[in-house]
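These notes are about the structure you will find just below.
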Amino acid sequence: MNIYEEQKMVALYGLAGMGAIGWGTSPHIRCASLLLIPKMLGKEGRLLVLGYALAAIYAGPAANLRHNLNEVIASLGCTVELQINNTRAAWRVSTAPLRAVFKDLLGSKESLKAETQNISSAFEDLDAQVKSETGYSPEDAKGLEDTDQGKETRGAPHIRLHLSTQKLYELKTKLRCSHVVNQGILSCRRWFQRKHEQCMESIWVPLLKHLLCLPMKFKFFCSIAKVMEIWCRNRIPLEGNFGQTYDSLNQSIRSLDKEFSAKIDIKEEKRAGLLGLNTSWEHVSTEVRDYVERQEARLEWALELLRVLLSCTFLMVLRASFSYMDSYNQDIRFDNIYISTYFCQIDERRKKLGKRTLLPLRKAEETAVIFPCKPTIQASEMRNAVTELLETLPVLLLLVVLCFLDWVLYSVFNTIRQHSFLQYSFRSSHKLEVKVEGDSMLARLLRKTIGALNTSSDIGVETNNMPCLPQPVCLDARAYWRATLPIVLLICLCLAQAFGYRLRRVIVAFYFPKREKKRALFFYNELLRKRAAFTQLRRAAILRRAREQRAPRHHVVDILHHRCPLLHRWLRRRCVVCQAPETPESYVCPTPDCEAVYCQSCWDDMRQRCPVCTPREELSSSAFSDSNDDTTYAE
C-alpha cells in the first residue's frame, strides 16, 4: 500500500501485538491463524496470485502492445508531417525565383522613385512651356477667341467653350504670333516717331525742316507687318497630334509620380475532410494521443485500486479462516466427508463386535467421500478443481491473446520498417535573362523593372522517411516467462487446493478433538443409513442411466464400434450404478427390454436383483435419507 513507512511499522507492530495476545488467550485464534496456510492454497490465495498475474500481463505483453501502438501512431503522424514538409519545401523551392523577383522589385523601390522623379522634373519644362501664358496679352487672347468663336458660331451669343489641348496650344501660338506682329508694328511706329523728333531737332529752318522730315510721318508703312499675321494663322508650325501626345505623356508622368509598392500575399485554403469539419492531422493525432493517455490513466487507477485491494487480502483470508472454524463447530454436516483415522477405528471396533461395517466402501459410495491419505485428487475434489481450472481459463486466454497480438503486431510493424524506406528527391533549375539595350530614360526604367527577371537557380532537396519509421519492440523470453509464471502458479494452486483443503480438517480437529469424534461418529452412522437404503436411494439414477443405455445409438457409432477396436474403450457401455466401463466380467440383466449393465461388485451390492426391472415394493424398505441434508464438500 502507498502509505508512509512509519504507518507501515505501526500497523505491523499492532497486528503482531494483537496476534500475540490472541495466541496466548484463545484456541480459536490459534486455530484460525494456522488455517491461513491452507486458505492461502485455496481461492483466497488464488485471488492474490490472480492480482500478480494481471499485473504481470499488464507490465509485459499489454505494456509492449501499448508501446508498439504508440509507435505506430507517432509514425503515422510523423509521416504525414513529413509529406506536408516535403510539399511545403517543394513549393518554396519552385516559387523561390518568383519571390526573388518580387523582392528585387521591392528592393529597387527607391531607385525607381528616383528615376520617375527625374522623368517628372524633365517633363516640367515642357509642361511649363505648354501651360505658359507669356508672349501675348489677355486682350489679344479675348479678341482672337471671340473672332474664332464668331466664325464657328456665325454670330451666336458669346460662349466660352472648353478647348482641347491641341486647340488651346494652337490658340496660344496664334496669340503669340499676333502679339509679335503687334509689337513689331508698335516698335516700328516708335522708331518713326523717334526719328521724326530727331529730324526736327537737327534742322533749324522752319519750313524746310517740315518738308524734309515729312517722310518720318509715314507710320502707315509699319502696317505691312500684318501680312505676317495672316501667314502665321494659316501656317502654324505645330504638329496635328501634339495635343494627344502631350495628354498621354502627361497622364503617364502623373502615374509615375504615385508611390511604387508591391505586396506578396499567400493564402492557404483548407478544405473540410469529413462532414464539413476542418480537422488537421495535428488535431487528430493529438486527439488520439489524448484518448490513449486517458485510457492509460484509467487503467493505472484501476491497477492502483487492485493493488490496494490485494493489500487487504489478508483480511479476507482471516475472515474465511474464522468462518470455516465456526461452521466446523456449529454445523455437523459441514465438510464432513473424510474417512478419518477415528472413522476407521469405529469400523474396526464394529468388525470385532461382529456388527455390520462400511469398509471397504462400495464404488458408488467412494465418489461421495474423501480419503485424506490418498495422494491423488478424488471425485469430490475433482469437480471443484475442474471449476477452478475453468475460472483460470479466461486469464490464460487473455495472456495467450495478448502475447499473440503483440507478436503479430511486432511482425507487421517490423516488416513495415524493413520495406517502407522512402527517399525523397526534388531538384529545380532555371535560367532567365532579359536584355534591355539603350541609354535613354525609358531603357533605364525598363532595366530597373523587367531586368529584375534576370534570375537563375539550381536547387536540390533530398530527404528520407527513416526518422518516421516505427520502432517496434519485441518481448524477450524472460518477459514472456515473467508473464507466464503467475498463470502457471495459479494453475498449480488449483491442483494443490484439494490437498490444502484436507489440511483444514486436520488443523481444526487438533484444536477441537471432541468435536471431531462427534463428527466422525455422525458421518459413520449416516453412511450406515445410506448403505441400508442403498438400492432405494440409487434407483432413480439407475433407471435414468438404463433408459439412456436402451436408447438406440447412431448408426455411425455402431459402425465405429464394430470396425475400430481402438475406439471400444470410449464407445462401450458403463455400469448403471458406478459408471465403470463394461468388462467381460460385467453382468447384463437378461430381462427383455432391460439389458442393464452392472459391474460384479455393484451387482453384489444390489443383492443380485436388478432395480430397473424389479418393482419398487420388492426392494429394501430401509429408512431413506433426505438428499438436502447430505454432507457436502466445503469449498
Side-chain angles (χ1 to χ4, degrees), residues 1-59 299-331 334-335 338 372 384-385 388 391-392 395 482-483 485-516 519 633-635:
M1 297 178 64
N2 190 15
I3 58 178
Y4 293 105
E5 192 67 24
E6 294 79 4
Q7 296 175 350
K8 291 182 180 180
M9 297 304 296
V10 170
L12 176 62
Y13 293 150
L15 291 176
M18 293 174 60
I21 295 174
W23 267 75
T25 58
S26 173
H28 292 77
I29 294 179
R30 291 194 294 270
C31 179
S33 300
L34 291 178
L35 283 176
L36 293 176
I37 298 174
K39 279 295 182 181
M40 289 302 296
L41 298 176
K43 59 183 179 181
E44 290 81 7
R46 289 198 309 275
L47 180 61
L48 181 62
V49 177
L50 178 62
Y52 283 106
L54 294 177
I57 292 174
Y58 174 76
L299 186 58
E300 290 290 342
W301 179 84
L303 290 176
E304 186 66 25
L305 179 60
L306 179 61
R307 190 178 295 112
V308 174
L309 294 178
L310 290 177
S311 301
C312 300
T313 307
F314 72 97
L315 296 177
M316 300 174 57
V317 178
L318 190 61
R319 178 184 176 277
S321 300
F322 277 101
S323 176
Y324 181 87
M325 183 182 60
D326 293 339
S327 299
Y328 181 90
N329 290 319
Q330 296 173 6
D331 187 2
F334 177 77
D335 200 23
Y338 295 94
N384 191 39
E388 301 297 341
E391 292 178 356
T392 310
V395 183
R482 282 198 298 266
L485 283 179
I487 305 296
V488 175
L489 179 59
L490 193 62
I491 296 175
C492 293
L493 286 178
C494 293
L495 300 177
Q497 172 181 309
F499 306 99
Y501 277 9
R502 296 178 192 178
L503 187 61
R504 297 180 304 177
R505 186 198 60 83
V506 176
I507 295 174
V508 181
F510 176 78
Y511 283 98
F512 304 99
K514 294 182 179 181
R515 182 65 177 176
E516 175 61 20
R519 288 168 58 89
Y633 179 73
E635 298 180 0

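Checked against side-chain contact (heavy atoms from CB on, under 4.5 Å), E6 has the following partners two or more places apart in sequence or in another chain: Y4. Judged as a ring pair (Phe, Tyr, Trp, His ring centres under 6.0 Å), and not counting sequence neighbours, Y511 has no contacts. Judged as a side-chain contact (heavy atoms from CB on, under 4.5 Å), and not counting sequence neighbours, the contacts of Q330 are D326. For the side-chain contact (heavy atoms from CB on, under 4.5 Å) test, residues two or more places apart in sequence or in another chain that qualify with L48 are M40, Y52, L310, T313. Looking at residues two or more places apart in sequence or on another chain, you find a side-chain contact (heavy atoms from CB on, under 4.5 Å) between V488 and T484, C492.
Pairs engaging residues 16-25 under the side-chain hydrogen bond (donor to acceptor under 3.5 Å, both in side chains) rule: W23-S33 [sequence neighbours left out].
Here the side chain of R46 pairs no donor or acceptor atom with the backbone of I491 at under 3.5 angstrom. A distance-only check finds no donor-acceptor pair linking the side chain of R505 to the backbone of R502 [under 3.5 Å].
In this model, a donor atom of one side chain and an acceptor atom of the other lie less than 3.5 Å apart for Y324 and D335.
Under a cutoff of 6.0 Å and an axis angle of 45°, R504 and Y501 form a cation-pi pair. Cation-pi geometry between K8 and Y13 is not met: the NZ or CZ atom fails to fall both under 6.0 Å from the ring centre and inside 45° of the normal.
A side chain to side chain contact (heavy atoms under 4.5 Å, CB included) with V49 holds for exactly one of I487, V395, L493, L54; it is L493.
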